[in-house]
There are 2 protein chains.
Amino acid sequence: MSAQVVPMQEGRTGAMCSQALPVADLSSLFARRPVERFAPGQPVFWEGDEATHIFEVADGMLRALRLLGDGRRIIVGFLRPGDLLGVSLKERYLYTVEAVSAVELRRFPRRRFEDEVARHSHLQQQLFSRLRDEMTAAQDQAVLLSRRSAEEKLANFFLMMRRNENCTRTAVVDLPMTRLDIADYLGMTIETVSRTITKLANSGVIAPPERRSVTVLKMETLRSLADGDESEHWMPSPMPRAQYAFASA
Amino acid sequence: MSAQVVPMQEGRTGAMCSQALPVADLSSLFARRPVERFAPGQPVFWEGDEATHIFEVADGMLRALRLLGDGRRIIVGFLRPGDLLGVSLKERYLYTVEAVSAVELRRFPRRRFEDEVARHSHLQQQLFSRLRDEMTAAQDQAVLLSRRSAEEKLANFFLMMRRNENCTRTAVVDLPMTRLDIADYLGMTIETVSRTITKLANSGVIAPPERRSVTVLKMETLRSLADGDESEHWMPSPMPRAQYAFASA
DNA sequence: ACGATATTGTAACAGAGTGTAACTGCCCTT
DNA sequence: AAGGGCAGTTACACTCTGTTACAATATCGT
């Protein structure tokens, strides 16, 4: 997930990590910047603020959220180390970002960031790639929100949060955020989150609820609950298909 | 809306529309391409197909959709003249695109498109701008889907579809798509769509339901129903705000 | 023009999810 | 150790939406 905010995935794949070259990749832009620390709950910037900086998450987790007029809150994504904040934005930030756990960030001036990117085509590629990932994540979230039951939503959520973790049959998934955060991300209420977690625990898919983590007991069952989406992760597609059209009606 | 698919907005704003310069803007790449026609219901490409071309909508309306394993269908956006299809994609298209009404498209090979964009920085700017719009739209859709009632969703939908139209107090909004399309876009069922439209008609906000259009009688009321989002379209933001952080806990 | 089919509208019912509120457990303060 | 505050859970009544079924209407093909 890390919806709106450019997941890293590949990032620096190890190896040539020295800063020999001036700008090896997007992350290296941030490498020499000082670390800024944010306490849990503390805001980094607000929706509507002038977008002066791009941030890279060095450590911890953050939430990106939007507020509706009547106070309803929507979390559009959670951010983790390696993610960038603020790339996809125009003159103003689209959402508020707050620290969930203790967070370390590095910031880079937006103008200079754009200059650097414009100057180096390989950075451009990377940026486009990140934007595409971000788009995909945003779309996936839309799909998740539109046509899925509480159980499916949570199953998906646990799997998304499991990213990084080893893919064993059982796993402990870290949940630094509160139930309210989860609810606002999945478009439900904290009560439904609680009830559903309890239900999953009763059916033995996960261990009895802990405060800040979930222990998955039956990974496969969880996967099947989460499924429905991902329909089938796209094999070449066997059938030939009409591609061009004849005008009619 | 036009969710995932890069709304145009500015596009060619009239004036210097001749193709004097080699590549004035993104649209001009498509200008000399032959028009392809698609009949209503006809697919342009499928989710998972290799992304070989970028398309520009010349006329008509299309829907971009994704299918879930169990047959559930999610429409991630509707496309209108000036919109581009396929820009945000990786090697494969993320969604299926089908014609809603009779459609005219122009296509451009993706490789060449990317070359052109990489070569001209002003095209890059435009492409980034479109991607940002697309992101915003995707996020707005997520917000719409997550925390809104049937009535709010439809009110929003009508307003989105009214784009272009003159902003008078009453207006006829074209709805080329079926109720099922609307339902799958808003994450509800056709019955709920029907009921809600009837309700809006009974309360005098819109005229009695017509098949392929809606006549808005009380634009302001519709706006207030749709509101809640858009919280306040961002005035400079009055209060000073802590921006940096002290580590703690 | 006519009938078949698809789309849309209406109604009754069931179920999932919500909201309120009470209750538990935990952590922190005093 | 007692008290307050907060996050989380649970229970219950209620609401909204989905489901199912059927009627009405439009669309299409012959």
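In the text below, chain A, chain B and the rest are named by the order of the sequence lines, each starting its count at 1.
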ask   = What's the CZ-C1' distance between B/R179 and D/dA24, to the nearest Å?
value = 14 Å

note = When rounded to whole Å, the CG to P distance for the pair A/L180 and D/dT9 reads 13 Å

key: Pairing of B/R106 and B/E36 as salt bridge, 4.0 angstrom limit   = no

ask   = Under 4.0 angstrom, heavy atoms only, what part of the nucleic acid is A/R212 near: base, sugar-phosphate, or nothing?
value = sugar-phosphate

request  = Applying side-chain hydrogen bond (donor to acceptor under 3.5 Å, both in side chains), name anything that partners B/T215, two or more places apart in sequence or on another chain.
outcome  = B/E210

ask   = Is any side-chain N of the basic residue among B/R92 and B/E50 closer than 4.0 Å to the acidic one's carboxylate O?
value = no

query = Closest heavy-atom contact between B/G60 and B/S101?
reply = CA-OG, 3.5 Å

Nearest-nucleotide comparison on DNA chain D, the residue closer to the 5′ end among A/M177 and B/E151 = A/M177

ask   = Earliest and latest nucleotide of DNA chain C, 5' to 3', sitting under 4.0 Å from a non-hydrogen atom of chain B?
value = C/dT7 to C/dA12

request  = Please round to 10 degrees the angle between the axis of the first five pairs and the axis of the last five pairs in the helix from C/dA1-D/dT30 to C/dT30-D/dA1.
outcome  = 40°

Residue that, paired with B/V57, satisfies side-chain contact (heavy atoms from CB on, under 4.5 Å) out of B/L62, B/L84, B/V97 = B/L62

task = Look at the side-chain N and O atoms of A/R211 and state whether any lies under 4.0 Å from the OP1 or OP2 oxygen of D/dG8.
result = no

inquiry  = Would the distance check show the side chain of B/T196 and the main-chain N or O of B/E151 forming a donor-acceptor pair, the cut-off being under 3.5 Å?
reply    = no

request  = Residues of residues 189-203 of chain B with any non-hydrogen atom less than 4.0 angstrom from an atom of DNA chain D: list those, numerically ordered, please.
outcome  = B/T189, B/E191, B/T192, B/R195

message = Taking A/R66 first and then B/D140, would you say they form a salt bridge - that is, a charged N and a carboxylate O separated by under 4.0 Å?
response = yes

Listed partners of B/R73 passing salt bridge (Lys or Arg N to Asp or Glu O under 4.0 Å), at least two apart = B/D181, B/D184

ask   = Is the A/F45 ring parallel, tilted or perpendicular to the A/Y93 ring (thresholds 30°, 60°)?
value = parallel

task = To the nearest Å, give me how far apart CG (A/L175) and P (D/dG8) are.
result = 10 Å

query = Just checking B/G41: base, sugar-phosphate only, or nothing, at a heavy-atom cut-off of under 4.0 Å?
reply = nothing

remark   = Heavy-atom closest pair (A/V103 atom, A/M61 atom, distance to 0.1 Å) is CG2-O, 3.3 Å

request  = Take atom CG of A/D181 and atom C1' of D/dC6, then tell me their distance rounded to the nearest Å.
outcome  = 14 Å

message = A/E191: which residues meet the side-chain contact (heavy atoms from CB on, under 4.5 Å) condition with it, sequence neighbours left out?
response = A/T189, A/R195

key: Whole angstrom value for the distance that separates P of D/dT9 from CE of A/M188   = 12 Å

